[in-house]
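To start, the structure itself, in structure tokens.
Side chains included, hydrogens not; waters and symmetry mates left out as well; all remaining heavy atoms used. Source: prediction; values computed, not measured.
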Amino acid sequence: MIVHFVGGPLAGRVLETTDDPWFGGWFTIKGAAGKALYVPVHRDPVTGAVMAEVNENRPVGR
């Protein structure tokens with residue numbers, strides 16, 4: 001699966017992970033870049049690639 005990140009500390013980055021599809025749920029990153037919550041907003045039915053946006057409406061750090 002390939003995840004394209006939009007917004008937040010991972011904006012513009014691409015993550016390639018297992019071959020398993022990601023159908024939903026939060027993707028959380030933590031580290032030197034800070035904390036951010038990402039949620040999948042689009043999944044390409046042909047390639048399985050996912051576009052994940054940072055959720056600006058939820059307080060970070062919880």
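- In this structure, L10 and Y38 approach most closely via the heavy-atom pair N-OH, 3.0 Å.
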field: side chain to side chain contact (heavy atoms under 4.5 Å, CB included) assessment of V50 paired with H42
entry: CA-CA 6 Å; V50 174; H42 175 74; over 6 Å; no
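- Between the CD1 atom in I2 and the CG atom in L15 there is a gap of 9.5 Å [rounded to 0.5 Å].
- Between G8 and V54, the shortest heavy-atom contact is N-CG1, 3.6 Å.
- With values rounded to the nearest 0.5 angstrom, H4 atom NE2 is found 9.0 Å from D44 atom CG.
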